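Note that the coordinates shown come from a computational prediction; the quantities given were computed from them, not determined experimentally. In the text below, chain A, chain B and the rest are named by the order of the sequence lines, each starting its count at 1.
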Protein chains: 2
Amino acid sequence: MSNRVRIADVAAAAGVSTATVSRALSSPGVVGAETRERVMAAVLATGYRINGAARDLRMQQPRAILVLAPNLANTFFSRIIAAIQDVARQAGLAVQISDSRAGTEVLEAIVQSGRADGILLLDGALPPDMVRNWTLPVMQLCEWNDGYALPGLRIDNSAAARVAVDHLADLGHGHILHVAGPPENVLSHMRQAGFDAAMSARQLSAVVHDGGFTIAAGAAAAHVWADMAERPTAVFTASDECAFGFISECYRLGFRVPRDVSVIGFDDVDFAGHFIPPLTTIHQPRARLGRKAAERLVGALLNGAPLGTGYELIPPHLVVRESTAALPR
Amino acid sequence: MSNRVRIADVAAAAGVSTATVSRALSSPGVVGAETRERVMAAVLATGYRINGAARDLRMQQPRAILVLAPNLANTFFSRIIAAIQDVARQAGLAVQISDSRAGTEVLEAIVQSGRADGILLLDGALPPDMVRNWTLPVMQLCEWNDGYALPGLRIDNSAAARVAVDHLADLGHGHILHVAGPPENVLSHMRQAGFDAAMSARQLSAVVHDGGFTIAAGAAAAHVWADMAERPTAVFTASDECAFGFISECYRLGFRVPRDVSVIGFDDVDFAGHFIPPLTTIHQPRARLGRKAAERLVGALLNGAPLGTGYELIPPHLVVRESTAALPR
DNA sequence: CAGTTCTATGTAATCGATTACATCAGCCTG
DNA sequence: CAGGCTGATGTAATCGATTACATAGAACTG
């Protein structure tokens, strides 16, 4: 701690009491003009910086919300976090972020440090026992886990898969590959379940390949697809990144999208509309998701009310671009 | 504040003193086994959650570092922030993030809240007067501003531009377009200055177009390029995103990269290697930059030593992929 | 068994800012 | 001019956890 200057030091330098210094700083209107200037000068001269811990202790207000995301380097989260930041800022709350995969002891230490008053949880793969024991308000966002028994917000993933299948079927595709996400992930399950249900409802020929959300997983899936005896004419991938990898690798293998295969992604990340070809994909309203979740949590923190248990499901929205085309007949 | 349970309540419930509760929680070894269990039971029964402000006040340790970035939704920052998070975590510090473009009053409020003990500043366009007045340790990272008079870390941007020009010149390109970044940005200036210097040193024909770091800016630049009477045979863009936009739009206009024009980007974002074609670009070691900057700041905070004024320049590194090719002669 | 050491626990000071309440000077009013 | 009012400032309690120091009892030693 380099900051050895306390409010008492400023008071001494200005020849006033600590109360006056505090008032001059936080409600300048109530101290005399001349006094205020002396205080300000003393603040500058001493290099005073407020001690946030002392202030927060005395003020007894919530201070920060903690965002836990499985992979901070993932571009999917950045826009969500930006929206959260925006809401929190307006409420005077700091936003603290942490990688939820840092290890359970580390995570527990962070959560139990008491520095955050509420949590926005973007990871559905933490040990439910640990999460259930957390005694602060927690909102689930995007990913989730029924074992947590927590309120949350997400898009309707299985409905989204259905919308994707509908779109491809309407274009005449009857043999469709789903490149699924990582096997242990809830989103993977829901998207695959929606795909399976929609496909069998329409009695179409479905193939599922366990992939992942990454570019590399998509590229690998391209080889699997290319090696198939009867190649599906359309592919629904578990994420945009996966779709990018799939399409890039197809290109390298000599195939063209959508000429040789139609591709639908998932997420509608910033880049999706600028890809070659522009990607047809399920839109995730990331800013809105982040904003709504943050508003609910912040609201609960501010008036001390419980979060409730409600789960909100946002209906899916398909953005049709150029990576999907009608099957030539 | 829903958390009305204090350590005294737990102590009462367990029939011990507050000191014993505190000890049972933070150094379980020194309290008797039977007492410890009573305390733990009381903690559970009361739903006790520690008050971080009180603890931090008493402990007098630094608590958090604040990361200020101009656009949290930008994918460039996410990996840097992940690295920072990693370093901070190991030092027991929280990472707080905020959008540096939130407005000066808002920013000032955040910085002066005393909740953070040090700052990592990724924005070179804040008012120097404001930044110079900050009394906590600040490190500049990637972007910078000489007016801040602060220590920092970044890659050598003008040297990087030179490396890009060298590469293109070696491939036989003598007429090169630079799509510059936003006019008011330091990075734009340094990269353009390096470009200009390298080009005139080799007596090549340089054209500069004011662009931006975005996909849209790159796409717009593609039209400018296409409309030129004598089209440059190579393009050096100010960012990867800009390069993506340029290449995508060229494709749409019927041109092919690198057949019709070679393109070099800047940053080497995750996607660069998977683009079509894989992008030749200047690599920014984002994780390393974040890590080193965080280590220096955290180190200073932990032992109360000043940051010093040293500025570290990381030498550039060109990653050659497939978006650049030799000029057919 | 008196004296010493050790273990477990309690008492109370402490961290630094905020603010209710007290005080005081100056001014106004009838 | 006494009494009341206003505005500026000071005094001291307060927020909740930690921990130096004190204490009491148990265990051990010669």
Touch class at under 4.0 angstrom, heavy-atom based, for T20(A) against every strand present: sugar-phosphate
Pair D270(A) + R79(A): basic N to acidic O under 4.0 Å: yes
Earlier contact from the 5' end, DNA chain C, for R23(A) and L57(B): L57(B)
For atom CG of N51(A) and atom C1' of dC15(D), their distance in whole Å: 13 Å
Nucleotide dG16(C), atom P - distance to CD1 of I50(A) in whole Å: 13 Å
Phosphate OP1/OP2 of dT18(D) contacted by Q60(B) side-chain N/O (<4.0 Å): no
F76(A) side chain near N71(A) side chain, heavy-atom distance below 4.5 Å: no
Sugar-phosphate, base or nothing in reach of V21(B), heavy atoms under 4.0 Å: nothing
R49(B) side chain near dG16(D) phosphate (N/O to OP1/OP2, under 4.0 Å): no
T35(B) side chain, from C-beta outward: closest of dT11(D), dG16(C), dT9(C): dT9(C)
Distance in Å, L122(A) CG paired with I81(A) CD1, rounded so as to fall on 0.5 Å steps: 7.0 Å
R101(B) side chain reached by D123(B) side chain, heavy atoms, under 4.5 Å: yes
Given dT9(D), dG16(D), dT19(C), the nucleotide with the shortest approach to the side chain of A19(A): dT19(C)
Sugar-phosphate only, base, or nothing, as touched by R55(B) at under 4.0 Å among non-hydrogen atoms: sugar-phosphate
Earlier contact from the 5' end, DNA chain C, for R58(B) and I7(A): R58(B)
